[in-house]
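Have a look at the structure below before the remarks.
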Amino acid sequence: MIKPAHRKLRVLSFFSGAMGLDLGLEQAGLEVILACDSDATCRATIKANRPDLPVLSDLRNYDAAAIFAAAGLSANSELDVVAGGPPCQSFSTAGARRGLSDKRGNVFIHYIDLLLALKPRYIVLENVRGLLSAPLVRGSDKRVLAASGGALLYVVECLRAGGYQVSFNLYNAAHFGVPQLRERVVLLGNLSGPKLPYLRPTHCEGGAYGLLPWRTLGEALSDLPCEPCDHFDFSEKRRRFYRLLKAGQNWRDLPQELQPIALGRSFYVPGGKTGFYRRLAWDKPACTLVTSPIMPATDICHPEIDRPLSVQEYRRIQMFPDSWRICGNLAAQYRQIGNAVPLGLSAAIGRALVAHAQGKLELPPSGFTFSRYQGCDEVSWEAKVRARMGLRPGEFLLTRPEIAEVSCCRKKSACK
């Protein structure tokens, strides 16, 4: 049960960005008492909206004692929740897939070690789908220590060695009232009580399972003026082709003779290329918002106007309040909002934590499909990954000698 001394679960937030995860947790009744981000523009956004909230910079500059002090807590305080989404570029399916080998991956390792030192009752870790298949790579010589899935299995075993029960799944944010098709891994850990269940959805495509139907772009933007607004511009070449497309169409709907001209060399590259010349549809959720709406392979055009989505429209789709200030230049604003956890998803995470702390389990409908990909829950996923790595029953990744070199000696003793 939540202790009477603090009815709300208190949250230490790391990699806070524009505070999408934090705002959703607060909507569910939690209290954020500290934020942290290495990016100065993100810190400016946090301070602009929460001037009294303690804000730390690069996580690697702090140990557990410094974090307790910054949060105004004594060293023996019991922490409720530590939440954050470590930098995802190392695990992105569109990136170089360096796993835990580059500096961003090393921040991930530091974060896991810090979690185990802080020892909160609950852990929240959000990341991109690529984390499910990212390899474990040693940074010094880039040698692959564990192939596809090794990075996440390493994290899971570290947390379990620290006493946590771990559950995770791949969730489409549209199932939680977000007007956007956005799939993210959400890992939850708890020290006591039954393992946290999967998140309980509020929406489903077509209103299946007796839930509300997915929210559409039209619903999200219905009362938002199209102009004036802050937005990037497409080049005249791109506007030329967008003028030929209606809402919900993309490059495949251009006249056939214009398609090679519009895409250039990309036309001859294999793949679906659905992100090229993409106009959104009013009657469907938006596509996944990326950090810039004008990249050729992932551009995002307004359903009717020949321009990318605006910052104001980005903010609505990610479910930020209209009054939430996003600092920095236009590129920084797009990046912060595009990187954020949409508030509908983060509120669902918060509700799951509050229910568990109160001795309740908020279960999803039986057989519910959380994303378009199968086998992404921790049970199914781990069975596949362990079999692929040739791990015998009872054998742990952390006990392999080459894995012990990745981080500190804590894991060696934890796995004895």
Side-chain angles (χ1 to χ4, degrees), residues 12-17 20-21 35-39 42 56-64 67 81-120 122-162 164 166-170 184-189 291 339-341 349 376 378 381-382 385 397-398 402-411 414:
L12 302 186
S13 166
F14 297 102
F15 314 102
S16 306
L21 177 57
C36 176
D37 203 284
S38 62
D39 185 275
C42 292
L56 303 180
S57 57
D58 193 328
L59 181 64
R60 291 169 290 190
N61 296 332
Y62 306 94
D63 59 13
I67 289 170
V81 182
V82 173
C88 61
Q89 293 93 330
S90 296
F91 314 114
S92 172
T93 54
R97 303 302 306 280
R98 288 185 288 268
L100 296 179
S101 67
D102 68 8
K103 64 180 181 180
R104 291 167 297 207
N106 289 334
V107 173
F108 204 120
I109 288 178
H110 180 73
Y111 181 53
I112 298 304
D113 285 345
L114 191 59
L115 283 174
L116 296 174
L118 293 170
K119 208 75 171 179
Y122 297 104
I123 288 170
V124 177
L125 196 157
E126 177 270 350
N127 220 283
V128 295
R129 178 173 62 87
L131 178 60
L132 294 171
S133 54
L136 180 64
V137 183
R138 187 167 57 194
S140 59
D141 57 8
K142 303 295 189 294
R143 185 160 65 92
V144 176
L145 304 180
S148 178
L152 181 54
L153 185 58
Y154 172 89
V155 168
V156 168
E157 289 194 358
C158 284
L159 294 178
R160 286 178 181 155
Y164 286 92
V166 176
S167 66
F168 64 79
N169 217 322
L170 180 66
R184 289 295 184 269
V185 175
V186 176
L187 181 151
L188 302 176
T291 54
N339 276 333
V341 181
I349 295 169
C376 297
E378 82 282 356
W381 175 89
E382 188 170 354
V385 170
L397 185 66
L398 295 180
E402 66 272 22
I403 303 300
E405 302 174 29
V406 175
S407 188
C408 66
C409 61
R410 166 186 48 76
K411 295 182 295 299

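Rounded to the nearest 0.5 Å, atoms CZ (Phe15) and CG (Asn339) are 13.0 Å apart. Here the straight-line distance linking atom CZ of Arg184 with atom CD of Glu126 works out to 6.0 Å at 0.5 Å rounding. Between the CG atom of Leu187 and the CG atom of Leu131 there is a distance of 8.5 Å, given to the nearest 0.5 Å. Interatomic distance, CG of Leu136 versus CD1 of Ile109, reported as 7.0 Å (0.5 Å rounding).
Using a 4.5 Å cut-off on side-chain heavy atoms (C-beta onward), Leu12 and Pro120 make no contact. The closest side-chain heavy-atom distance from Leu116 to Leu159 is below 4.5 Å. Looking at heavy atoms from C-beta onward, Val82 lies out of side-chain contact with Leu114 at the 4.5 angstrom threshold. At least one side-chain heavy atom of Ile349 sits under 4.5 Å from a side-chain heavy atom of Leu21.
Pairing each heavy atom of Cys376 with each of Leu170, the nearest pair is CB-CB, 3.6 Å. Scanning all heavy atoms of the two residues, the minimum distance from Leu398 to Cys158 falls at CD1-N, 3.8 Å. Trp381 approaches Leu153 most closely through the heavy-atom pair CH2-N, 3.5 Å. Between Pro135 and Ala151, the closest heavy-atom pair is O-CB, 3.5 Å.
The side chain to side chain contact (heavy atoms under 4.5 Å, CB included) search around Ala340 returns Gln318, Phe320, not counting sequence neighbours. Partners of Tyr164 by ring pair (Phe, Tyr, Trp, His ring centres under 6.0 Å), not counting sequence neighbours: none found. Every residue two or more places apart in sequence or in another chain that forms a side chain to side chain contact (heavy atoms under 4.5 Å, CB included) with Cys36 is listed here: Phe14, Leu56, Leu59. In this view, Asp63 satisfies the side chain to side chain donor-acceptor pair (under 3.5 Å) rule with no residue, not counting sequence neighbours. Every residue two or more places apart in sequence or in another chain that forms a side chain to side chain donor-acceptor pair (under 3.5 Å) with Ser16 is listed here: Ser13. Scored by the side chain to side chain contact (heavy atoms under 4.5 Å, CB included) test, Glu378 finds Ser167, Phe168, Lys195, Tyr198 as partners (sequence neighbours excluded). Under the side chain to side chain contact (heavy atoms under 4.5 Å, CB included) criterion, Ser57 pairs with Arg43, Asn61, Tyr62, not counting sequence neighbours.
Within the 3.5 Å criterion, the main-chain N or O of Val185 finds no donor-acceptor partner in the side chain of Asn127.
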* **Step-by-step side-chain contact (heavy atoms from CB on, under 4.5 Å) determination, Phe108 to Leu125** => CA-CA 10 Å; Phe108 204 120; Leu125 196 157; 3.8 Å; yes
* Asked: Checking side-chain contact (heavy atoms from CB on, under 4.5 Å) for the pair Tyr154/Leu397: CA distance, chi angles, key distance, verdict?
  -> CA-CA 7 Å; Tyr154 172 89; Leu397 185 66; 4.2 Å; yes
